[in-house]
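Since the structure is predicted, the reported quantities are computational estimates derived from the model, not experimental observations. Side chains included, hydrogens not; waters and symmetry mates left out as well; all remaining heavy atoms used. Atoms within a ligand are numbered from 1 in the order they appear, just like the ligands themselves.
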Amino acid sequence: MAHYNLAAILALAFASSASCAAPSYRGGSQIQWGACDPSVVSDTSLSCGFLLVPLDYQDPSVGTARLAIVKANATGERRGSLFFNPGGPGDSGIGSVNDNKELLLTVSGGVYDVISWDPRGVGNLTTPGEIFCFDSLAQYTTFFNGTIEITGIEETGNFTDPADVKTLLRQAPIMQKKYNEVGQKCLRSSSSKFLKYMGTAAAVRDMVSIANVLDGPDAPINYLGTSYGTLIGSWFVNMFPERVGRVILDGVVDPTAFATQEPSQMFSSQLVSADNIYIALLTGCALTGPSGCAAASDGDGPLEIDAKVQTLLTAAYDATKVNASVPVTSGNIRLDLFNEMYTPTDWSNFMNEEYPQLVQIVNGEAPANVSRALSRRSRLRLMDVIRRESLLERESEPNDSPSYTATAIWCADSVNPRGTTMKAVFEGIVSTAQNVSHMFGAGWPTPFYPCSFWPVRSVERYQGPFNKKLANKILIASNMLDPITPLPSAEKLAGLLGQDAVLVRQNGFGHTTFSAPSSCMNGVFSAYMTNGTLPPNGTVCEVDADFEVFDGVNTADILANIPGTDV
Ligand SMILES: *[C@@H]1O[C@H](CO)[C@@H](O)[C@H](O)[C@H]1NC(C)=O
Ligand SMILES: *[C@@H]1O[C@H](CO)[C@@H](O)[C@H](O)[C@H]1NC(C)=O
Ligand SMILES: *[C@@H]1O[C@H](CO)[C@@H](O)[C@H](O)[C@H]1NC(C)=O
Ligand SMILES: *[C@@H]1O[C@H](CO)[C@@H](O)[C@H](O)[C@H]1NC(C)=O
Ligand SMILES: *[C@@H]1O[C@H](CO)[C@@H](O)[C@H](O)[C@H]1NC(C)=O
Ligand SMILES: *[C@@H]1O[C@H](CO)[C@@H](O)[C@H](O)[C@H]1NC(C)=O
Ligand SMILES: *[C@@H]1O[C@H](CO)[C@@H](O)[C@H](O)[C@H]1NC(C)=O
Ligand SMILES: *[C@@H]1O[C@H](CO)[C@@H](O)[C@H](O)[C@H]1NC(C)=O
Ligand SMILES: *[C@@H]1O[C@H](CO)[C@@H](O)[C@H](O)[C@H]1NC(C)=O
């Protein structure tokens with residue numbers, strides 16, 4: 001589901017069908033399936049095609065959008081289509097199906113063709129494609145030189161030093177000006193004319209258009225959405241309640257919060273579990289000990305390992321105070337750690353490979369071969385199911401302009417600008433770091449902080465109600481501890497839908513239940529998708545016991561040893 005390998009599926013469907021029939025520019029009639037570009041889609045069993053749809057569903061005269069679509073054939077007797085969106089916003093459905101075909105077929109019981117698409121603003125096959133507001137990475141870096149956009153926010157965890165608050169607030173007018181200018185740059189870019197046709201309502205209508213072509217205009221629509229994909233899901237089931245087939249929403253973004261608050265205000269409540277997941281990482285490291293986790297010494301408990309991580313952060317913080325051009329700031333490391341909170345499957349690798357390198361680099365004992373360049377691939381993609389590249393994997397590609405797709409979607413969908421100042425945004429960050437997440441409250445940049453200053457809103461936004469009566473009961477899934485789409489958001493959505501939603505929790509940590517293997521959860525999903533069987537409301541699935549987070553340490557071991565306190 002990584003974003004970087006998906007931009008380049010070549011458009012073979014039109015090419016291969018060109019001799020048979022001219023492609024229809026009226027839109028909405030058919031999808032001609034053909035091979036996907038082998039240089040991007042490695043799985044040759046997948047088919048790809050296109051569908052033309054109105055850019056603006058309320059005003060067809062505006063023109064057409066072109067959706068790039070992928071299909072994994074059902075392995076059993078086909079009962080229709082299952083639509084999938086991996087989140088982001090801005091992640092490629094095509095890339096995700098290529099990378100996760102087996103898993104998607106498993107959880108859907110093999111009885112549906114798994115269909116996904118690159119939504120508007122994603123890649124270069126769908127039109128409108130990826131949104132760029134800068135000509136190059138160099139232009140972006142120069143534009144933001146010397147600001148927190150490049151360095152992240154420097155502080156020691158909860159802004160205990162009032163000087164850090166002052167330093168941050170001093171940047172408020174500068175960053176407000178920069179973000180206003182970025183909005184104007186986007187309005188002058190070649191993406192400009194598409195900005196108001198981006199967004200979640202368009203994604204919902206696009207999915208319905210594809211479903212109408214594949215399964216007919218009255219057929220129920222089956223959908224699996226993870227992370228931001230749950231927002232597409234909660235908008236879909238309320239915009240088209242009569243079309244709801246079997247729907248799974250996993251890793252829930254609270255749709256009512258999004259419809260009423262600026263995204264910068266929502267962030268705080270999204271981080272409620274993040275520090276506890278950090279404690280889980282420390283606990284797992286302590287349990288496996290030095291042989292399984294490089295940060296642990298004999299006899300270390302979680303507190304001792306935390307002290308080492310804090311020492312690393314403080315060293316980077318101190319070094320940045322002396323010389324702002326250090327290769328790695330504490331803000332960079334915090335973002336890197338935050339991304340780790342998504343994926344316990346990577347913790348062992350992180351603590352044994354990346355963490356020691358970071359220590360060496362910060363202590364000046366290793367070459368600073370870290371690129372701070374924030375390319376499209378390394379910008380924090382807050383809702384991604386799959387983490388961005390780590391700090392040490394970053395490559396600088398001078399011409400790789402950073403993508404603004406995630407920002408363009410979040411902001412087009414968000415509430416109208418309310419005159420919020422950057423100072424208020426920063427004060428919110430200080431409060432979040434002090435009260436909600438010491439470790440991650442000060443994460444910067446994110447795709448949604450520009451929204452208070454973004455000049456465009458979508459031609460259509462769905463802002464409720466979110467408690468419509470649905471044609472079928474849906475399944476809502478959540479990890480107990482999710483760093484960015486926490487359990488309370490899933491509980492809230494389930495509460496709104498009442499009898500129309502069953503909530504299943506996974507007793508684990510990470511972003512969405514897909515962050516750790518669970519044959520229990522796979523069974524719940526496939527029984528629902530194939531037979532419509534829902535488990536008792538409130539069912540809890542365990543993570544598979546043979547999945548070792550660290551050598552000899554599984555999820556249950558960690559959960560049993562987490563001290564119940566905040567960091
Ligand atoms: C689409 O993106 C891929 C990968 O970024 C690139 O190789 C390809 O040249 C692009 N195609 C077009 C038509 O721009
Ligand atoms: C998938 O199904 C289509 C028919 O819908 C067929 O043409 C294609 O060959 C199938 N692909 C594979 C890999 O079986
Ligand atoms: C950033 O600013 C510093 C000093 O203000 C300058 O030396 C450096 O070349 C600038 N870097 C970029 C990429 O513009
Ligand atoms: C700041 O965080 C440290 C540990 O990270 C904690 O000991 C301290 O009490 C916190 N201070 C405040 C004001 O929250
Ligand atoms: C600051 O750090 C950069 C990058 O490591 C280095 O090139 C530069 O010489 C340092 N500046 C000072 C004044 O030490
Ligand atoms: C950085 O340098 C270290 C030590 O030389 C090396 O092991 C690591 O692979 C390098 N990382 C990158 C991204 O080049
Ligand atoms: C959070 O911390 C701020 C200080 O930054 C304090 O003024 C505020 O009352 C706290 N909010 C909550 C909800 O505890
Ligand atoms: C499932 O439980 C949640 C509380 O977690 C509740 O809000 C929801 O209405 C329940 N759904 C059903 C079908 O009982
Ligand atoms: C669906 O129901 C059939 C018949 O009761 C059963 O054999 C099958 O195992 C069920 N499938 C799943 C995935 O639960």
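- Of the polar atoms of K71, at least one N or O is found under 3.5 Å from an N or O of ligand 2, judged by distance alone.
- Of the protein's non-hydrogen atoms, T530 OG1, 3.3 Å is the one closest to atom 13 (C) of ligand 9.
- Less than 4.0 angstrom separates some heavy atom of S45 from each of these atoms of ligand 2: 13 (C).
- Atom 7 (O) of ligand 9 lies below 4.0 Å from none of the non-hydrogen atoms of the protein.
- Ion pairing between a basic and an acidic side chain is recognised when a charged N comes within 4.0 Å of a carboxylate O; K492 and D254 show such pairing.
- Side chain to side chain, E548 and N554 fail the donor-acceptor criterion of an N or O pair below 3.5 Å.
- Protein heavy atom closest to atom 3 (C) of ligand 2, with residue, atom name and distance, is N73 ND2, 3.7 Å.
- Distances below 4.0 Å separate heavy atoms of G498 from the following atoms of ligand 8: 8 (C), 9 (O), 11 (N), 12 (C), 13 (C).
- Residue contacts with ligand 8 include A494, since one or more of its heavy atoms lies under 4.0 Å from the ligand.
- The closest protein non-hydrogen atom to atom 9 (O) of ligand 9 is N531 ND2, 4.8 Å.
- Atom CD of Q58 has more than 12 neighbouring heavy atoms from other residues, nucleotides or ligands inside a 6.0 Å radius.
- A salt bridge between R78 and D215 is present, with a side-chain N of the basic residue lying under 4.0 Å from a carboxylate O of the acidic one.
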Might you work through the side chain to side chain contact (heavy atoms under 4.5 Å, CB included) test for N479 and T512, ending with a clear yes or no? CA-CA 6 Å; N479 262 350; T512 84; over 6 Å; no

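- The presence of a protein heavy atom under 4.0 Å from atom 11 (N) of ligand 2 is confirmed.
- Of all atoms in ligand 8, numbered sequentially from 1 with element shown, those under 4.0 Å from a heavy atom of G495 are 7 (O).
- The closest protein non-hydrogen atom to atom 5 (O) of ligand 8 is L503 CD2, 3.9 Å.
- The N/O atoms of D500, backbone and side chain alike, include none that comes under 3.5 Å of an N/O atom in ligand 8.
- Scanning both residues, L224 and V107, for their nearest heavy atoms gives CD2-CG2, 4.3 Å.
- Contact check for D275 versus H438: side-chain heavy atoms found under the 4.5 Å cut-off.
- Taking atom 14 (O) of ligand 8 as the reference point, the nearest protein heavy-atom neighbour is N537 ND2, 3.2 Å.
- Listed by number with element, the atoms of ligand 8 under 4.0 angstrom from any heavy atom of Q499 are 13 (C), 14 (O).
- No side-chain donor from either of K71 and S81 sits under 3.5 Å from a side-chain acceptor of the other.
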Under the side chain to side chain contact (heavy atoms under 4.5 Å, CB included) rule, what do F258 and W235 come out as? Steps first, then yes or no, please. CA-CA 11 Å; F258 189 70; W235 288 29; 4.2 Å; yes

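- For the 3.5 Å distance criterion, the side chains of N522 and T106 fail to qualify, holding no donor opposite an acceptor.
- At a 3.5 angstrom cut-off on N or O pairs, V502 does not count as close to ligand 8.
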